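Beneath this line is the structure, given in structure tokens, with notes to follow.
A quick note: this is a predicted structure, and the numbers were derived from the prediction, not measured. In what follows, chains are A, B, ... by sequence order, proteins preceding strands, each numbered from 1. Hydrogens, waters and symmetry mates are skipped; everything else that's a heavy atom, side chains included, is used.
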Number of protein chains: 2
Amino acid sequence: MSANVAIIQESMVKKRLNNTISVDCVIFGFDFEKLNVLLVDRVLVDEKSGKELFSDLTLTGNHIFEDESLEDAAARILYDLTGLENIYLKQFGAFGDTERLLKPNDQAWLKASGRDPHSRILSVGYYSLLATEKVTLKWKGRNVKWYPVADVTDLAFDHYTILQYALQSLRRELLYEPIGFELLPEKFTLSQLQKLYEVVLGVELDKRNFRKKIARMKYLIPLDEKQKGVAHKPARLYMFSREVYEKTRKEVFDFNI
Amino acid sequence: MSANVAIIQESMVKKRLNNTISVDCVIFGFDFEKLNVLLVDRVLVDEKSGKELFSDLTLTGNHIFEDESLEDAAARILYDLTGLENIYLKQFGAFGDTERLLKPNDQAWLKASGRDPHSRILSVGYYSLLATEKVTLKWKGRNVKWYPVADVTDLAFDHYTILQYALQSLRRELLYEPIGFELLPEKFTLSQLQKLYEVVLGVELDKRNFRKKIARMKYLIPLDEKQKGVAHKPARLYMFSREVYEKTRKEVFDFNI
DNA sequence: AACGGTAAGTGTTTTTTTAACACTTTACGT
DNA sequence: ACGTAAAGTGTTAAAAAAACACTTACCGTT
């Protein structure tokens with residue numbers, strides 16, 4: 001028994017590596033038309049000549065503090081960018097880069113920032129959801145901007161893969177939990193809500209069937225208030241009630257097998 | 001722009017920590033009656049006296065090799081324990097221990113194995129599914145055994161939490177993908193399949209409705225073969241056809257919104 | 001004041017899926 | 001041949017999904 005213990009331990013100790021853990025945040029924003037994601041324009045400048053060597057895009061992210069949980073780190077990153085707190089954050093996976101996956105830009109970037117390009121970077125991914133109209137980016141002029149998710153074709157490191165995972169995770173989640181409301185302003189119309197589902201899931205939905213379906217959701221509260229200043233019949237506004245949701249939520253495994 | 005870059009980099013470098021990445025495998029096994037999980041009996045023996053200080057249970061896991069992906073590490077751990085390869089492995093989350101969460105046993109264990117109890121241990125969790133009857137544990141006598149999941153009440157580190165996440169992830173997955181077949185022998189009866197769903201999901205299902213439902217799954221192939229040696233009407237045997245599944249699988253987002 | 005444009009809002013029918021429910025069949029062991 | 005034990009099988013009612021088109025309310029323009 002003791003021998004067994006020793007063997008396991010020894011192998012554990014030997015294999016310890018120079019590891020870097022980063023938390024990457026896929027910050028989704030919705031603006032009634034499309035789904036956006038917050039990206040950083042990564043610019044590498046040659047020290048001597050001052051010439052721009054390249055510029056490309058990355059997800060927002062940072063390394064983790066010593067006394068911080070993973071989720072705390074994600075919340076901090078989000079706070080630093082937007083000033084927002086108590087935002088829904090969902091972990092959707094861990095991604096273990098090895099140097100084999102690094103593109104030339106990435107190699108140059110790591111070298112320039114004094115890091116060992118041979119160490120493993122483990123990224124833990126979180127996504128969060130924001131109504132873009134609620135957000136004023138704190139890092140103005142700091143290369144952080146909204147980009148339509150549909151237009152993103154390539155990102156640094158393995159961030160494009162990570163973004164795709166985040167999107168997939170968001171879609172799954174959206175089907176079962178009322179997280180869509182996080183992407184809308186406090187008061188919204190049913191058409192806006194429908195548009196959100198259409199954009200995120202990438203489908204078209206029938207207006208009447210959609211309304212019938214969501215009418216069953218007790219936590220969707222109709223207000224005695226209407227849209228103003230629109231050149232058509234003004235829509236009724238609705239709110240999401242977290243309180244009602246918590247009370248009426250069913251177990252996720254409401255089995256349909 | 002260049003100033004911005006420098007700021008981001010500096011903060012990244014400063015926060016690099018002494019991190020340990022481990023991959024933990026939640027290896028589920030099914031034996032027609034209950035769901036089991038493979039656990040390691042962790043025994044700490046006092047060097048001088050040879051006395052056993054404590055014994056408790058952990059998930060199987062190991063640190064990651066330098067040239068290995070996360071999934072490779074999970075596959076290696078599984079192979080070392082069972083000799084099995086090409087087994088379905090699903091990542092279900094990353095868990096960032098900090099020293100605050102360590103119980104006294106864990107502190108003692110880390111100290112005895114020469115590791116810094118103040119470094120962060122980041123566990124990436126994978127689960128895998130086995131039919132227990134297919135498995136012969138390679139590590140015989142090495143404290144690795146099957147335990148009924150229902151009987152597990154506490155584990156070392158945060159492994160109990162991790163196990164619960166794995167179980168939840170397994171349940172979700174089971175509802176949408178035909179992963180249940182991994183938990184059964186190659187040929188199985190419908191009652192065995194039903195039992196599997198009941199055990200994993202923790203529900204009771206109606207036999208006729210269950211059969212109606214799975215009759216729609218084209219990848220469930222009835223064989224011209226029956227159970228033998230049972231003291232009742234022998235059941236027809238079925239197989240899972242991965243080929244048919246791949247051909248007929250629908251997009252996961254077969255939206256019901 | 002009338003009119004055109006625009007999105008909001010509203011019901012019915014058909015089809016599909018789910019849920020509830022009990023008896024007959026077939027093999028083995030005694 | 002008889003008991004035991006699990007396999008196998010169909011109908012009905014309720015709920016959910018899918019398909020589909022016209023009227024309403026407000027704004028801006030003429």
**Request:** Please list all pairs passing the salt bridge (Lys or Arg N to Asp or Glu O under 4.0 Å) test where one or both residues lie in residues 149-170 of chain B, with sequence neighbours left out.
**Result:** B:Lys103-B:Asp154
**Prompt:** Do the side-chain N or O atoms of B:Ser191 get closer than 4.0 angstrom to the phosphate oxygens (OP1, OP2) of D:dA7?
**Reply:** yes
**Request:** Specify the separation, in whole Å, of atom CZ of A:Arg236 and atom P of C:dG9.
**Result:** 8 Å
Could you pull out all donor-acceptor pairs under 3.5 Å where a side-chain atom in residues 217-232 of chain B meets a protein atom, sequence neighbours excluded?
{"from": "B:Glu225", "atom 1": "OE1", "to": "B:Lys187", "atom 2": "NZ", "distance (Å)": "3.0"}
{"from": "B:Glu225", "atom 1": "OE2", "to": "B:Lys187", "atom 2": "NZ", "distance (Å)": "3.2"}
{"from": "B:Gln227", "atom 1": "OE1", "to": "B:Ala235", "atom 2": "N", "distance (Å)": "3.0"}

**Whole-Å distance separating the CD atom of B:Glu204 from the C1' atom of C:dA19** = 15 Å
**Asked** Mind checking what makes side-chain hydrogen bond (donor to acceptor under 3.5 Å, both in side chains) contact with A:Arg242, not counting sequence neighbours?
**Response** A:Glu182
**Request:** Would you kindly give the NZ-to-C1' distance between A:Lys195 and C:dA7, to the nearest whole Å?
**Result:** 13 Å
**Message:** Please enumerate all residues that pass side-chain hydrogen bond (donor to acceptor under 3.5 Å, both in side chains) together with A:Arg211, with sequence neighbours excluded.
**Reply:** A:Ser191
**Request:** Kindly indicate whether a cation-pi arrangement holds for B:Arg42 with B:Phe157, taking the cut-offs as under 6.0 Å to the six-membered ring centre and within 45° of the axis.
**Result:** yes
**Rounded distance (Å) that lies between atom P of C:dA7 and atom CG of A:Leu193** = 18 Å
**Request:** Return no unless some side-chain N or O of B:Arg211 is found under 4.0 Å from OP1 or OP2 of C:dT18.
**Result:** no
**Prompt:** B:Lys213 has an atom NZ; how far is it from atom C1' of D:dA16, in whole Å?
**Reply:** 12 Å
Distance-only donor-acceptor pairs under 3.5 Å for side chains of residues 123-135 of chain A, two or more places apart:
{"from": "A:Ser123", "atom 1": "OG", "to": "A:Ser22", "atom 2": "OG", "distance (Å)": "3.4"}
{"from": "A:Ser123", "atom 1": "OG", "to": "A:Asp24", "atom 2": "OD2", "distance (Å)": "3.1"}
{"from": "A:Tyr126", "atom 1": "OH", "to": "A:Glu71", "atom 2": "N", "distance (Å)": "3.4"}
{"from": "A:Tyr126", "atom 1": "OH", "to": "A:Gln91", "atom 2": "NE2", "distance (Å)": "3.4"}
{"from": "A:Thr132", "atom 1": "OG1", "to": "A:Phe30", "atom 2": "O", "distance (Å)": "3.1"}

**Message:** Among residues at least two apart in sequence or on other chains, which ones pass side-chain hydrogen bond (donor to acceptor under 3.5 Å, both in side chains) with B:Lys207?
**Reply:** none
**Residues touching DNA chain D, which here means a heavy atom under 4.0 Å, drawn from residues 219-226 of chain A** = none
N/O-N/O pairs, protein side and nucleotides 20-24 of chain D side, under 3.5 Å:
{"from": "D:dC20", "atom 1": "N3", "to": "A:Arg208", "atom 2": "NH2", "distance (Å)": "3.3"}
{"from": "D:dC20", "atom 1": "N4", "to": "A:Asp206", "atom 2": "OD2", "distance (Å)": "3.3"}
{"from": "D:dC20", "atom 1": "N4", "to": "A:Arg208", "atom 2": "NE", "distance (Å)": "3.4"}
{"from": "D:dA21", "atom 1": "N1", "to": "A:Arg208", "atom 2": "NH1", "distance (Å)": "3.4"}

**Request:** Check the distance between C:dA20's C1' and B:Leu205's CG and give it to me in whole angstrom.
**Result:** 14 Å
**Request:** Quickly work out the A:Phe210 CZ to D:dA18 P distance and round it to whole Å.
**Result:** 14 Å
**Asked** Pairs in or reaching into residues 81-92 of chain A: which pass salt bridge (Lys or Arg N to Asp or Glu O under 4.0 Å), with residues at least two apart or in two chains?
**Response** A:Lys90-A:Glu173
Short heteroatom pairs, N/O only, protein and nucleotides 28-30 of chain C, under 3.5 Å:
{"from": "C:dC28", "atom 1": "O4'", "to": "B:Val230", "atom 2": "O", "distance (Å)": "3.3"}

**Request:** Specify the separation, in whole Å, of atom CD1 of A:Ile214 and atom C1' of D:dA16.
**Result:** 16 Å
**Message:** Run the side-chain hydrogen bond (donor to acceptor under 3.5 Å, both in side chains) test against B:Glu186 and tell me which residues pass, sequence neighbours left out.
**Reply:** none
**Asked** Side chains of B:Leu38 and B:Lys145: closer than 4.5 Å at any heavy-atom pair?
**Response** no
**Message:** I'd like to check the ring-ring contact (aromatic ring centres under 6.0 Å, His included) partners of B:Phe28; sequence neighbours left out, ordered by chain and number.
**Reply:** none
